[in-house]
Amino acid sequence: MQFVSETNPTLYVSAEKRNADDFSSVTEAVNSIPEGNRTPVTIFIAPGRYHEKITVNRPFVTLEGTGKSGADTVLTYDDYANDLMEDGTKRGTFRSYTMFIDAHDVTLKNLTIENASGDSLTHGQAIALYADGDRLIVDSCRLLGHQDTLFTAPLPPKEIQKNGFIGPKQSAPRLHGRQYYKKCYICGDIDFIFGGAAAYFEDCTIESLRHFPEENGEAKTQGYVTAASTPEEEQYGYVFSKCKLISEECPEGTVYLGRPWRNYAKTVYVDCSFGKHIHPALFHDWDKPDARSTIQYGLYYEKLQKEYPDRADFVQELKEEQLALYTKEKVLAGEDNWKPE
């Protein structure tokens, strides 16, 4: 096997070990990188399906698959929140991930990251990508799941329910990282993009899956695209730019653009397109009247007045002069003037 060094910053993974120096799993390749690594390392992953629970805890690492759509290289696992552990307790949301990023300066490119556990009615929350770190880039990837597909850490400061945050960062300091998602496909049903990071989504396709079966005539709401928990002191939460929100399964007007996992949630859509599945109110307050005075939900959309006259009164129509606040450069710059391109 090849081990990373300053003179050998590239590693290769193939399930069939096409070459003698290949790693047979992504985990083996990541673990071969020295802790505290400061050398940029690229791990190329050959086409195939890799059934493994992956933790990326080395900085300055790029995991790259083949094929621009990400469909050729699939990283998949099937843990879920309702699964019973050996001690009889449920696994819970934050131990259900397929991939856990626990480092700064990590890039994912041309990959599929899938939680294959199944529908959320039966299995509950099931994270595909748990992204915790600063200066993270997810480029041309597919993130597949149902409920809670993508968690953009950090966790909120406190749990509402006891043991609700059981998992790898339950007691860790809450660090507000920056994350950039470019040309990705992300699907799910309930709160499938959630968390407290400053995350910029550009040219992404966001597909809502049906939560309730067709025979359930009482099910009016099929899902929520986002559930931000932006820390009160932070200026930015989620910004979606030139994204397409689609659904082949959800009836008209049954999906909200977001709801606040915590007060002070911030979510903005700029020049995005919306399918008929989006609810006329656009956003939901999660039945939290006190949240309405703290949340920041906004859209810059030319047809907003015409197509969504019944939008919730806490949804702001952004003016052209406000758009300078929501550029990629502004949202992600931080104190170090980070430019993910």
So, are Asp79 and Arg91 salt-bridged, with charged N and O less than 4.0 Å apart? yes
Hey, are Asp105 and Arg135 close enough for a salt bridge, meaning a charged N less than 4.0 Å from a carboxylate O? yes
For the atom pair CG (Leu245) and CD (Glu207), what is the distance rounded to the nearest 0.5 Å? 10.5 Å
Test item: [X] side-chain N/O and [Y] main-chain N/O as donor-acceptor pair under 3.5 Å:
X	Y	answer
Asp189	Gln147	yes
Tyr236	Leu325	yes
Arg95	Gly92	no
Glu249	Arg210	yes
Tyr50	Ala46	yes
His277	Gly253	no
Glu159	Phe165	yes
Thr10	Thr42	no
Glu234	Pro231	no
Arg262	Lys158	yes

Same cluster (ILVMFWY, side-chain, under 4.5 Å), Leu257 and Ile295: yes
Test of understanding: clusters of I, L, V, M, F, W, Y form through side-chain heavy atoms closer than 4.5 Å, transitively. Do Trp286 and Phe283 belong to the same one? no
What is the ring orientation for Tyr256 with His279, classed by angle as parallel under 30°, tilted 30 to 60°, or perpendicular over 60°? parallel
Indicate the ring-plane relationship of Phe201 and Tyr238, choosing parallel, tilted or perpendicular according to the 30° and 60° boundaries. perpendicular
So among Phe100, Phe151, Tyr80, which one has a ring pair (Phe, Tyr, Trp, His ring centres under 6.0 Å) with Phe94? Phe151
Within 45° of the ring axis of Tyr224 and under 6.0 Å from its six-membered ring centre, is that where the NZ or CZ of Arg259 lies? yes
Cationic tip of Lys53 within the cone over Tyr97's six-membered ring, i.e. under 6.0 Å and within 45° of the normal? yes
Checking [Y] against [X]: is there a side-chain donor and acceptor pair closer than 3.5 Å?
X	Y	result
Glu52	Tyr77	no
Thr254	Gln222	no
Glu28	Ser24	yes
Glu202	Ser241	no

Flag the pair [X] / [Y] as yes when at least one side-chain heavy-atom distance between them is below 4.5 Å, and no otherwise.
X	Y	answer
Leu63	Phe44	no
Phe192	Ile206	yes
Val13	Ser25	no
Ile101	Asp132	no
Thr112	Thr76	no
Leu318	Tyr326	yes
Ile33	Ile43	yes
Lys244	Asp203	no

Check [X] against [Y] and note the closest heavy-atom contact, atom names and distance.
X	Y	answer
Ala103	Asn57	CB-C, 3.9 Å
Asn110	Thr73	O-CB, 4.3 Å
Arg174	Ala172	NH1-O, 2.9 Å
His211	Leu121	O-CD1, 3.3 Å
Ser247	Ser208	OG-O, 2.8 Å
Leu111	Gly65	CD2-N, 3.4 Å

Evaluate the side-chain contact (heavy atoms from CB on, under 4.5 Å) criterion for residues Leu108 and Ile137: first the C-alpha distance (whole Å), next the side-chain angles of each, then the deciding distance (0.1 Å), finally the verdict. CA-CA 6 Å; Leu108 308 179; Ile137 298 175; over 6 Å; no
What do you reckon, is NZ of Lys90 surrounded by more than 12 foreign heavy atoms closer than 6.0 Å? no
May I ask you to check whether Tyr300 and Tyr269 place their ring centres under 6.0 Å from each other? no
